[in-house]
Amino acid sequence: MNKTLKKLPRSFYTRNLLIVAKELLGKIIVKNDDGKIISGRIVEVEAYDGSIDEAAHTFSGKTQRNEVMFKEGGYLYVYFTYGNHFCSNVVTGKEGRGTAVLIRAVEPLDGIDIMVKNRYKRVLLNEKEKYNLTSGPGKICSAFGIERKHYGLDLTGNEIYLLNQPKIAAYKIVITKRIGIKKSVDLPWRFYIKDNPYVSRKW
DNA sequence: ATCAAGATTACCT
DNA sequence: GGTAATCTTGATA
């Protein structure tokens, strides 16, 4: 197997939140559903840190919903929001930190037919739908079939995992404020790959 | 027990 | 550009 296609090890995730957030750009997220492979390249993320960040779900301490965010890095934090949508986060750092990276957009690679079926309940795919498939945190979970049962999944396992890819050069990374929050709005913790058409919104 | 907010999306003009 | 839909969670207005 090509070295760049190796699964990311625990040691990738247990580092500092903002380092992991930026390095997640360009990595490939894979879901293996009994051999049916769905994958995509991560193109947009946001960082959340409960110790200083009021927008983070861990800001007010541990609850039933956020407890996996306090584990060491490399677990999947899935939450349900607005009555309709699941969002996926990669837990980072050492145990007890309460930090995670929200995956906001991916570029579809394998299993696009399955993603289309999951999102639209049919097989047709026009040009507009192609760019709307996974360009948002809720859309990714819908397309990949990520839901409540994937809460707390170990990303070093075989169901959902990330493949290594070369780092994205700093000049190709756009840094902005985060989207869709009302607290700690000024933290520049949203990162996306410059000019990528699958990013959820331009700044 | 009850309630308001929410790391969104799709559809409207 | 604006907003309704929809329901779980965490705090208690």
Side-chain angles (χ1 to χ4, degrees), chain A residues 13 17-18 20-22 24-25 29 40 42-71 73 75-93 97-108 115-122 124-153 155 160 173-193 197-203:
Chain A
Y13 302 103
L17 167 70
L18 296 179
V20 176
K22 285 181 222 178
L24 279 172
L25 292 175
I29 179 168
I42 297 173
V43 300
E44 177 185 351
V45 298
E46 282 177 1
Y48 288 87
D49 179 351
S51 67
I52 55 169
D53 168 13
E54 289 185 80
H57 291 165
T58 46
F59 183 72
S60 302
K62 195 181 281 190
T63 65
Q64 189 174 24
R65 174 211 214 188
N66 68 23
E67 63 180 340
V68 72
M69 244 181 101
F70 286 98
K71 292 181 82 164
Y75 292 88
L76 192 67
Y77 169 44
V78 178
Y79 67 86
F80 185 71
T81 191
Y82 289 107
N84 279 305
H85 314 289
F86 291 98
C87 294
S88 291
N89 301 253
V90 174
V91 177
T92 69
R97 292 282 299 142
T99 55
V101 179
L102 173 69
I103 303 179
R104 283 199 56 93
V106 309
E107 176 177 337
M115 295 190 213
V116 173
K117 201 160 80 180
N118 287 344
R119 290 263 291 129
Y120 301 109
K121 312 295 179 204
R122 57 184 169 77
L124 275 179
L125 180 64
N126 64 36
E127 199 64 11
K128 189 179 172 187
E129 286 170 339
K130 182 178 151 196
Y131 291 106
N132 197 37
L133 206 47
T134 52
S135 56
K139 298 176 191 175
I140 294 169
C141 287
S142 170
F144 277 64
I146 295 174
E147 43 181 299
R148 199 175 309 281
K149 67 181 177 190
H150 303 291
Y151 178 91
L153 201 77
L155 295 173
I160 299 176
I173 298 178
V174 180
I175 304 176
T176 76
K177 296 172 185 178
R178 297 172 296 177
I179 288 179
I181 54 172
K182 295 202 172 72
K183 303 174 208 161
S184 298
V185 292
D186 288 328
L187 291 171
W189 285 359
R190 173 171 177 249
F191 308 100
Y192 67 86
I193 298 179
Y198 295 90
V199 165
S200 66
R201 305 187 215 168
K202 301 244 169 169
W203 184 237

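Chain A is the first sequence line, chain B the second, and so forth, proteins listed ahead of strands; every chain is numbered from 1.
Shown here is A/R97, whose CZ atom has no more than 12 heavy atoms of other residues, nucleotides or ligands within 6.0 Å.
Nucleotide C/dA11 holds its C1' atom 15 Å from the NE2 atom of A/H57, rounded to whole Å. Regarding A/Y82, its OH atom lies at a distance of 16 Å from the P atom of B/dA4, rounded to whole Å. For A/F86 and B/dT9, the CZ to P distance is 14 Å, given to the nearest whole Å. Note: CG (A/L133) to C1' (B/dA10) measures 15 Å, nearest angstrom. Atom-to-atom, CZ of A/F191 to C1' of B/dA7 comes out at 15 Å; the value is rounded to the nearest Å. A straight line from CD of A/Q64 to P of C/dA11 spans 12 Å, rounded to a whole angstrom. Following rounding to the nearest Å, A/N89 (CG) and B/dG6 (C1') show an atom-to-atom distance of 14 Å. In this structure, A/Y77 places its OH atom 10 Å from P of C/dT9, rounding to the nearest Å.
Between A/T63 and the phosphate of C/dG10, there is a side-chain N or O to OP1/OP2 separation shorter than 4.0 Å. The phosphate of B/dT8 (OP1 or OP2) has a side-chain N or O of A/R104 nearer than 4.0 angstrom. For A/H85 and C/dT6, the shortest distance from a side-chain N or O to OP1 or OP2 is not below 4.0 Å. Between A/R119 and the phosphate of B/dA10, there is a side-chain N or O to OP1/OP2 separation shorter than 4.0 Å. Dashed line: the shortest gap from a side-chain N or O of A/K139 to OP1 or OP2 of B/dT8 is not under 4.0 Å.
Counting only heavy atoms from C-beta on, A/N132 has its side chain closest to B/dA10 among B/dA10, C/dA11, B/dA7. With distances taken from any side-chain atom of A/R148 to the nucleotides B/dA7, B/dG6, C/dT9, the minimum falls on C/dT9.
Taking the side chain as every heavy atom from C-beta outward, A/M69 and A/N89 never approach each other to under 4.5 Å. Side-chain contact between A/V101 and A/T92 is present, with heavy atoms from C-beta onward closer than 4.5 Å. Between A/V185 and A/K177 the shortest side-chain heavy-atom distance does not fall below 4.5 Å.
Counting non-hydrogen atoms under 4.0 angstrom, A/F80 reaches the backbone sugars and phosphates but no base. Residue A/L102 is classed as a base contact, given a heavy-atom separation below 4.0 Å to a base.
When the nearest nucleotides of DNA chain B are assigned to A/K183 and A/G136 by heavy-atom distance, the more 5′-ward of the two goes with A/K183. When each of A/R65 and A/N84 is assigned the nucleotide of DNA chain C with its nearest heavy atom, A/N84 is the one assigned upstream, toward the 5' end.
No option in A/D186, A/D53, A/D49 other than A/D53 meets the salt bridge (Lys or Arg N to Asp or Glu O under 4.0 Å) test with A/R178.
Ring planes of A/Y131 and A/Y198: tilted class, angle from 30 to 60°.
Pairing of C/dT6, defined by two Watson-Crick or G-U wobble distances under 3.5 Å, is not identified with any nucleotide. A 3.5 Å limit on both hydrogen-bonding distances identifies no Watson-Crick or G-U partner for B/dA7.
A donor and an acceptor atom sit less than 3.5 Å apart, one in the side chain of A/Y79 and one in the base of B/dA7.
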